[in-house]
Amino acid sequence: MTTATERTNNWLAAFEKSLNQADVPETLALFDDDCYWRDLVFFTWNIKTSEGKVQIGDMLEATLPNVGKTSWRIDGEATGDEAMTEAWLLLESETARGKGHIRLKNGKGWTLLTTMVELKGHEEKKGPTRSKGVNHGAIKDRMTWAERRQKEESELGYKVQPYVLIIGGGQGGIGLGARLKRLGVPT
């Protein structure tokens, strides 16, 4: 009898191999007929739920050429029994790092969650590299907020080209714009 961690590692190894070979039928064979994949930007660069093998296959056909090679591993230990096993995951692609969650039902993928945590080359500044924020005081050649904003407006699209165009100014668009700005991604 295998442990929950062994079952999950075996499934992940087969899943990673089939994804990296862009073998969609082999990947779909690892899923239960009743299956769901919720992706938050990691694969689709969007928020997308694929229900069933047909939708998951369509999503993989559309995204695998751009995602490239991926690696998958368990974060901690898997739990559950042969009927239902679940584990938290750490994911990596050529452009991003992420986290996820998998539920295996009788050894087949039932639910999969994939989320992007950071873009490679635009890692969040943490600990000693964290941005100090506003510099107060009398500092030579210090730009005010208004001066920095005016400089950004005059250069964006001319001297500095945006990597991202956000369509929509609702809470999600505003939040994403602020987040990308903190990461130094011209938006």
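Positions are given from 1, in the same order as the sequence printed here.
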Discussion item. Looking at G157, is its backbone amide N or carbonyl O close enough to the side chain of Q161 to form a donor-acceptor pair, meaning the two atoms are under 3.5 Å apart?
Written reply: yes

Discussion item. Could you check whether any side-chain N or O of D32 sits under 3.5 Å from a backbone N or O of C35, counting only pairs where one atom can act as donor and the other as acceptor?
Written reply: no

Discussion item. Donor-acceptor check, side chain of R148 to backbone of M143, threshold 3.5 angstrom: yes or no?
Written reply: yes

Item to complete: Return each pair, listed once, that meets side chain to side chain donor-acceptor pair (under 3.5 Å) where at least one residue sits in residues 14-26; pairs must be two or more places apart or across chains.
Response: S18-T27, N20-T70

Fill in: Rounded distance [0.5 Å steps], OG1 in T49 versus CZ in R38
3.5 Å

Worksheet item: Sub-3.5 Å donor-acceptor pair from the side chain of T5 to the main-chain atoms of A78, do we have one?
Response: yes

Item to complete: To the nearest 0.5 Å, tell me how far M59 CE sits from T44 OG1.
Response: 7.0 Å

Worksheet entry | Whether K99 side chain and L113 backbone form a donor-acceptor pair below 3.5 Å | no

Worksheet item: What distance do T8 atom OG1 and I74 atom CD1 have between them, rounded to the nearest 0.5 Å?
Response: 4.5 Å

Practice prompt. Determine, for E82 against R7, whether the closest basic-nitrogen to carboxylate-oxygen distance falls under 4.0 angstrom.
Written response: yes

Practice prompt. Check whether any side-chain heavy atom of L89 lies under 4.5 Å from a side-chain heavy atom of L12, and answer yes or no.
Written response: yes

Discussion item. To the nearest 0.5 Å, what is the distance between CG on D75 and NE2 on H101?
Written reply: 11.0 Å

Worksheet entry | NZ/NE/NH1/NH2 to OD/OE distance under 4.0 Å, K53 and D33 | yes

Item to complete: Measure the OG1-CG distance between T187 and L180 for me, rounded to the nearest 0.5 Å.
Response: 4.0 Å

Practice prompt. Could you tell me whether the side chains of S71 and E92 share a donor-acceptor contact shorter than 3.5 Å?
Written response: no

Worksheet item: Side chains of N66 and L64: does their closest heavy-atom pair fall under 4.5 Å?
Response: no

Practice prompt. Give, for atom CZ of F43 and atom OG1 of T63, the distance between the pair rounded to the nearest 0.5 Å.
Written response: 6.0 Å

Worksheet item: Is any side-chain N of the basic residue among E147 and K151 closer than 4.0 Å to the acidic one's carboxylate O?
Response: no

Discussion item. Any side-chain to backbone donor/acceptor pair from E94 onto K69? Under 3.5 Å, distance only.
Written reply: yes

Discussion item. The criterion is side chain to side chain contact (heavy atoms under 4.5 Å, CB included); which residues satisfy it with Q55, sequence neighbours excluded?
Written reply: S50, E51

Worksheet item: Mind checking whether M84 and W110 have side chains closer than 4.5 Å, heavy atoms only?
Response: yes

Worksheet item: Hey, are E152 and K181 close enough for a salt bridge, meaning a charged N less than 4.0 Å from a carboxylate O?
Response: yes

Worksheet item: How would you list, by chain and number, every residue that makes a ring pair (Phe, Tyr, Trp, His ring centres under 6.0 Å) with W11, sequence neighbours excluded?
Response: F15, F31

Worksheet item: Should I174 and L176 count as side-chain neighbours, where that means a heavy-atom distance under 4.5 Å?
Response: no

Response to the item:
Heavy-atom closest pair (P186 atom, L156 atom, distance to 0.1 Å) is CB-CD1, 4.3 Å

